[in-house]
Amino acid sequence: MSKEFTAKDVGEHNTVDKGLYIIVDNNVYEMKGFVDEHPGGAKILKRVGGKDASKQFWKYHNESVLKKYSERLKVGTLKESAKL
């Protein structure tokens with residue numbers, strides 16, 4: 001079962017030291033272990049840490065990227081009442 005997060009929970013993980021969580025389409029991903037591997041560089045991930053990065057994600061990626069990394073990086077979902 002997937003863990004549920006509020007937007008506040010995700011917002012508290014806004015740095016690498018705190019786990020660097022991002023939201024993409026109401027799913028929550030922990031980017032801490034991926035930040036140095038990100039082909040676009042660490043800076044962009046750090047900029048969207050703790051926030052909904054859906055718009056930025058889809059601007060540069062397609063669904064195959066999400067499928068490739070989802071199992072490794074997804075830590076939960078955004079609670080229904082907490083959606084941004």
Side-chain angles (χ1 to χ4, degrees):
M1 190 170 136
S2 185
K3 183 173 179 185
E4 287 192 328
F5 295 89
T6 65
K8 183 181 178 190
D9 294 334
V10 174
E12 290 172 357
H13 293 86
N14 60 351
T15 65
V16 173
D17 290 340
K18 295 179 180 177
L20 198 66
Y21 287 10
I22 65 167
I23 300 165
V24 177
D25 293 346
N26 299 315
N27 291 307
V28 180
Y29 298 89
E30 181 177 2
M31 307 308 289
K32 179 180 180 175
F34 182 71
V35 73
D36 292 328
E37 296 175 43
H38 186 247
K43 187 176 181 179
I44 187 64
L45 289 179
K46 290 176 181 178
R47 191 178 306 143
V48 296
K51 302 175 188 167
D52 189 330
S54 301
K55 183 177 177 182
Q56 295 90 332
F57 179 87
W58 292 116
K59 184 175 180 181
Y60 297 103
H61 306 85
N62 60 39
E63 195 169 346
S64 68
V65 174
L66 208 53
K67 286 181 181 178
K68 180 178 180 180
Y69 293 104
S70 184
E71 187 176 316
R72 179 176 146 202
L73 302 175
K74 185 176 173 183
V75 292
T77 58
L78 199 62
K79 283 186 181 178
E80 196 65 36
S81 61
K83 293 182 180 175
L84 302 174

Does [X] reach the side chain of [Y], with side-chain heavy atoms less than 4.5 Å apart?
X     : Y     : answer
Val48 : Phe57 : no
Val75 : Tyr29 : no
Leu73 : Met31 : yes

salt_bridge(Arg72, Glu30) N-O dist < 4.0 Å: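 A salt bridge is absent here (no side-chain N lies under 4.0 Å from a carboxylate O).
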Determine, using the 4.5 Å side-chain heavy-atom cutoff (strictly less than), whether Tyr69 and Val16 are members of one ILVMFWY cluster.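 Same cluster.
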Non-neighbouring partners of Asp36 that pass side chain to side chain contact (heavy atoms under 4.5 Å, CB included), sequence neighbours left out: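 Counting only residues at least two positions away or on another chain, Asp36 forms no side chain to side chain contact (heavy atoms under 4.5 Å, CB included).
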Atom pair CG/OH of Leu78 and Tyr21 - distance to nearest 0.5 Å: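 Answer for the CG-OH pair, Leu78 versus Tyr21, is 13.0 Å.
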Could you measure the distance from the NZ atom of Lys51 to the CD1 atom of Ile23? Nearest 0.5 Å is fine.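 One gets 11.5 Å once the value is rounded to the nearest 0.5 Å.
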Taking all non-hydrogen atoms of both residues, which atom of [X] and which atom of [Y] are closest, and how far apart?
X     : Y     : value
Lys79 : Thr6  : CD-CG2, 3.9 Å
Leu45 : Val35 : CD1-CA, 3.8 Å
Val65 : His61 : CG1-CD2, 3.7 Å

Output, in order, the C-alpha distance, side-chain angles, deciding distance and verdict of side-chain contact (heavy atoms from CB on, under 4.5 Å) for Val28 and Ile22. CA-CA 6 Å; Val28 180; Ile22 65 167; over 6 Å; no
Give a yes or no on whether Glu63 atom CD has more than 12 heavy-atom contacts from other residues, nucleotides or ligands under 6.0 Å away.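 Counting other residues, nucleotides and ligands, CD of Glu63 stays at 12 neighbours or fewer.
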Looking at Ser54 and Asp25, would you say the former's side chain and the latter's main chain have a donor-acceptor pair under 3.5 Å?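 Yes, because the side chain of Ser54 sits within donor-acceptor range (under 3.5 Å) of the backbone of Asp25.
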Quick one: does His38's side chain have a donor or acceptor within less than 3.5 Å of a partner on Phe34's backbone?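 Side chain of His38 to backbone of Phe34: no pair is present.
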side-chain contact (heavy atoms from CB on, under 4.5 Å) assessment of Phe5 paired with Asn26: CA-CA 10 Å; Phe5 295 89; Asn26 299 315; over 6 Å; no
Thr15 vs Asp17, side-chain hydrogen bond (donor to acceptor under 3.5 Å, both in side chains): CA-CA, chis, key distance, verdict: CA-CA 5 Å; Thr15 65; Asp17 290 340; 5.2 Å; no
